[in-house]
Each structure stands twice: as C-alpha cells, then as structure tokens.
Amino acid sequence: MRLTTLRIDGSTRAAIVDGDSTVLLDHADVGDLLRSGVDLGALASTGERGPDFAGADLAPLIVTPGKIVCVGQNYRGHIAELGNTVLDHPTLFAKYTTALVGARDDIRLPTVSEQADWEAELTIVIGTAVSNADAATARAAIAGYTVSNDVSVRDWQRRTSQFLQGKTFDATTPLGPVLVTVDEIGTEPDLRIETRVDGVVKQSSSTSDMLFGVVEIVEYVSQCMSLAPGDVILTGTPAGVGAGRDPQEFLAPGMVVECSIERIGSTRTTCVRAGSAA
C-alpha cells in the first residue's frame, strides 16, 4: 500500500495512492492514521476521490512526528569520501518539525550560509510503539519507508562536534512523497538511491551500502528512547554529497534537487533563499 498526505482546502488529509488516483481518508495525515491504530491492510481503496497524485499539493508525509531521529555516516562510501572512521555504533542526532516540507515544496536556503548540501536518505516510518526492542520486535514496529533529503548546512554543522545546528534549519527537509508499507517492499529492502541536481546525478548507490541496517537501527534507537507511531528515522546518506567533492559544491537559489529511491518515489524541490519568493 502507498499512503500520502495532501493539502486540501487549507488543511491536510491522509490518502491512499492508487496509480495516479488518490482516495481520501478520515485522518489529518499519515502520522494521525498510524497513531489511530487502524489496520492498514483493511483500508479500502474506494471512497471519496482526491486530486490526481501527479498534480497534488503534498504536505510533509508526517506533518508533526513526535520524533525525527537521524543516523549520521551510515554508508560505507560516504564515510570513505569524508575520510572518517567506521564506528562501532550508530551516530544519532535529531531534527525538529519546523525543518520539514512536502516532497514538492521549495527548500529554503538559509541566509546565514552558502554551504547547504544535499543528502538523499531512506526514511523509516514507525507503525507501532516500541521500546527496548529485540530484532523481531523492531522489525514488526516498522510501518514502511519514505524518502527524505537531509539538507545539511555544512559550516554550521562543523562549528562544534554536535551535528544538530547544521541539520534542522527551517523548511530544509523534504519528506515524502509516499509511505510504502512493508507488505509491499519488505522490512529490509535493497534499493537504488539517487540524487540529481539540475538533472545531473550527484549520488547513486544502494541501501545495501548501509553500515547499520534498518532493523538494527530501530532496535538500537529503541534502547535509548521509546518510539511511537508516526516517528521517523532518517537512515543516512550515500557517497556523492557536495562537501565530499573536489572542489566542493553546494546548493544555490534556483537549483532543482531530486532525491529518488527505487520502488518508493522522489522528492523534487526547488531551492529558494529564505525570506524570498521562488
């Protein structure tokens, strides 16, 4: 099943995506749907028709997740391109909900930096509450997957050893376009992941290059914090980021960034300067 969150008439609605059609659900967004405890397998693809998906106004898939947990340096190729050391445990940091935008919204580049960088990421969406999980429980807690672009403001990120301040600028993290449930894609999918900037491929890899797999990540995170339905976990980015290039490359107003993951879909966003119109 494929689920999305639409902006309609000044509010948001969760919807089923069926080809290029959408069917509206009685929930404010996909997070609200998951928190309701409804059996996703019992959702009907008949009902009130929504807009065609191709032209729909997409909100962030989960509008207000209780937690946005991010895993840093989790692809072997990305670790190598930055000259970093492979670690024994996942590196965790957080984002806040003000960072989120829809999969087709503009990315607002900060006025205080010229070093905003792209990072395509497979993103886990939690479906059931979980704490101190073993592998089987962690696997069962995953509702499915979506796509995110963990836009990183590199000079702010490097001001200290803590990543957060470079990772959660307002309106910089597209989340969507859909949740693909585990019954369709599996719990540990091996998927192609790619970023294009103005049509030029910058990142091209596979989730098989992840150092820590998705079940291992959920298990690990649940040992230090309880996870709830609608929480999201960004699982890291592959090689090919702008900061890893020689010379380095960064995003600028007018650039179009597309982050794609096989069998899920793409975020496609235009960069604008914060405080200005597109």
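Computed from a prediction, not measured in an experiment: that's the story for all the values here.
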Exercise for review: May I ask you to say whether Arg192 pairs ionically with Glu194, meaning some side-chain N is under 4.0 Å from a carboxylate O?
Suggested key: no

Review point. Are the side chain of Ser222 and the backbone of Ala133 linked by a donor-acceptor contact shorter than 3.5 Å?
Key: yes

Point to revise | Stepwise side-chain contact (heavy atoms from CB on, under 4.5 Å) test for Leu6 and Thr12 | key: CA-CA 5 Å; Leu6 308 175; Thr12 61; over 6 Å; no

Exercise for review: Take Leu3 and Val17, measure what side-chain contact (heavy atoms from CB on, under 4.5 Å) needs, and give me the verdict at the end.
Suggested key: CA-CA 6 Å; Leu3 300 165; Val17 180; over 6 Å; no

Practice item. Examine the side chains of Glu258 and Thr267 and answer whether a donor and an acceptor come within less than 3.5 Å of each other. Key: no

Practice item. May I ask you to decide whether Glu114 forms a salt bridge with Arg273, counting only side-chain N to carboxylate O separations under 4.0 Å? Key: yes

Review point. So, do Leu100 and Ile68 sit near enough that their side-chain heavy atoms are less than 4.5 Å apart?
Key: yes

Review point. Honestly curious: do Ile264 and Ile124 fall in one hydrophobic cluster under the side-chain, below-4.5 Å linking rule?
Key: yes

Practice item. Using the salt bridge (Lys or Arg N to Asp or Glu O under 4.0 Å) rule, collect all pairs that involve residues 121-132, keeping only residues at least two apart or in two chains. Key: none

Review point. If you look at every heavy atom in Leu61 and Asp29, which pair is closest and at what distance?
Key: O-OD2, 3.9 Å

**Study point:** Residues that Phe93 engages under ring-ring contact (aromatic ring centres under 6.0 Å, His included), provided they are two or more places apart
**Key:** Phe163

Study note, to complete from the structure: For Leu33 and Ser36, the nearest pair of non-hydrogen atoms, with its separation, is O-OG, 2.6 Å

Point to revise | Closest non-hydrogen atom pair, Arg49 against Ser21 | key: NH2-CB, 3.1 Å

**Study point:** Non-hydrogen side-chain atoms of Val23 and Leu43 separated by less than 4.5 Å
**Key:** no

Review point. Got a salt bridge between Asp105 and Arg7, using NZ or NE/NH1/NH2 to carboxylate O under 4.0 Å?
Key: yes

Review point. What's in the same ILVMFWY side-chain cluster as Leu82, cut-off under 4.5 Å, chained through other members?
Key: none

Practice item. Let me know which of Thr146, Thr4, Ile62 forms a side-chain contact (heavy atoms from CB on, under 4.5 Å) with Val30. Key: Ile62

Point to revise | Asp190 vs Ser206 side-chain heavy atoms within contact, under 4.5 Å | key: yes

Practice item. Find out if a path of hydrophobic residues (ILVMFWY) with successive side-chain heavy-atom gaps under 4.5 Å connects Tyr145 to Ile16. Key: no

Exercise for review: Please report the C-alpha distance between Val71 and Thr91 in whole Å, then the side-chain angles of each, then the deciding distance to 0.1 Å, and finally whether the side-chain contact (heavy atoms from CB on, under 4.5 Å) criterion is met.
Suggested key: CA-CA 5 Å; Val71 183; Thr91 297; 5.7 Å; no

Exercise for review: Give a yes or no answer on whether the side chain of Ser113 reaches the backbone of Gln115 with a donor-acceptor pair at less than 3.5 Å.
Suggested key: yes

Distance-only check: which donor-acceptor pairs under 3.5 Å involve side-chain atoms of residues 174-182, not counting sequence neighbours?
unit_1 : atom_1 : unit_2 : atom_2 : d
Thr181 : OG1    : Met1   : N      : 3.0
Thr181 : OG1    : Met1   : O      : 3.2
Thr181 : OG1    : Asp183 : OD1    : 2.3

Exercise for review: Evaluate the side-chain contact (heavy atoms from CB on, under 4.5 Å) criterion for residues Thr172 and Val153: first the C-alpha distance (whole Å), next the side-chain angles of each, then the deciding distance (0.1 Å), finally the verdict.
Suggested key: CA-CA 10 Å; Thr172 54; Val153 182; 5.6 Å; no

Check your understanding: How about Gln223 and Asn132: does a side-chain donor come under 3.5 Å of a side-chain acceptor?
Key -> no

Practice item. Answer yes or no: is there a side-chain heavy-atom contact under 4.5 Å between Cys224 and Leu92? Key: yes

Review point. So Glu48 and Arg13, salt bridge (Lys or Arg N to Asp or Glu O under 4.0 Å) or not? Walk me through it.
Key: CA-CA 11 Å; Glu48 182 184 355; Arg13 289 278 295 275; 3.5 Å; yes

Review point. Got a donor-acceptor contact below 3.5 angstrom from the Arg196 side chain to the Gly199 backbone?
Key: yes

Check your understanding: What residues join Val241 in its hydrophobic cluster, counting side-chain heavy atom gaps under 4.5 Å, either direct or through other members?
Key -> none

Check your understanding: Linking I/L/V/M/F/W/Y whenever their side-chain heavy atoms sit closer than 4.5 Å, directly or via other members, would Tyr75 and Val214 fall into one cluster?
Key -> yes

**Study point:** Heavy-atom check, side chain of Pro60 versus side chain of Thr173, under 4.5 Å
**Key:** no

Point to revise | By side chain to side chain contact (heavy atoms under 4.5 Å, CB included) - contacts of Ala135 (at least two apart) | key: Val215, Glu219

Exercise for review: Please list all pairs passing the salt bridge (Lys or Arg N to Asp or Glu O under 4.0 Å) test where one or both residues lie in residues 14-24, with sequence neighbours left out.
Suggested key: none

**Study point:** Any side-chain donor near an acceptor of the partner, Asn149 and Thr269, under 3.5 Å
**Key:** no

Practice item. Decide yes or no on side-chain hydrogen bond (donor to acceptor under 3.5 Å, both in side chains) for Asp170 and Thr98, but give the supporting numbers first. Key: CA-CA 5 Å; Asp170 288 351; Thr98 52; 3.1 Å; yes

Exercise for review: For Asp231 and Lys67, indicate whether the former's side chain and the latter's backbone hold a donor-acceptor pair under 3.5 Å.
Suggested key: yes

**Study point:** Heavy-atom side-chain contact between Gln165 and Gln157 under 4.5 Å
**Key:** no

Practice item. Taking ring-ring contact (aromatic ring centres under 6.0 Å, His included) as the test, write out the residues that go with Phe169, two or more places apart. Key: Trp156

Check your understanding: So if you build clusters from Ile, Leu, Val, Met, Phe, Trp, Tyr with side-chain heavy-atom gaps below 4.5 Å, do Leu25 and Val38 land together?
Key -> yes

Review point. Met210 versus Thr235: any side-chain heavy-atom pair under 4.5 Å?
Key: yes

Point to revise | Path from Leu227 to Leu40 over hydrophobic side-chain contacts below 4.5 Å | key: no

Study note, to complete from the structure: Shortest non-hydrogen pair, Ala239 vs Glu81, comes out as CA-OE2, 3.3 Å

Review point. Got a donor-acceptor contact below 3.5 angstrom from the Gln73 side chain to the Asn84 backbone?
Key: no

Review point. So which residues get pulled into Tyr96's cluster when ILVMFWY side chains under 4.5 Å apart are joined, directly or through others?
Key: Leu164

Point to revise | Any pair counted as ring pair (Phe, Tyr, Trp, His ring centres under 6.0 Å), so long as it reaches residues 233-252, sequence neighbours left out | key: none

Practice item. Taking all heavy atoms of Thr22 and all of Pro51, pick out the closest pair and write down the distance. Key: OG1-O, 2.7 Å

Review point. Going by the salt bridge (Lys or Arg N to Asp or Glu O under 4.0 Å) test, which pairs reach into residues 130-156, not counting sequence neighbours?
Key: Lys95-Asp150, Asp117-Arg154, Glu119-Arg154, Arg139-Glu188, Asp150-Lys167

Point to revise | Nearest heavy-atom neighbours spanning Ser148 and Cys259 | key: O-CB, 4.5 Å

Review point. Can you list the other members of the hydrophobic cluster that holds Leu109, where links are side-chain heavy atoms under 4.5 angstrom apart?
Key: Ile107, Trp118, Val151, Val197, Leu251, Met255, Val257

Review point. Ile142 versus Val125: any side-chain heavy-atom pair under 4.5 Å?
Key: no

**Study point:** Given Val218, Val221, Val232, the one that forms side-chain contact (heavy atoms from CB on, under 4.5 Å) with Ile126
**Key:** Val218

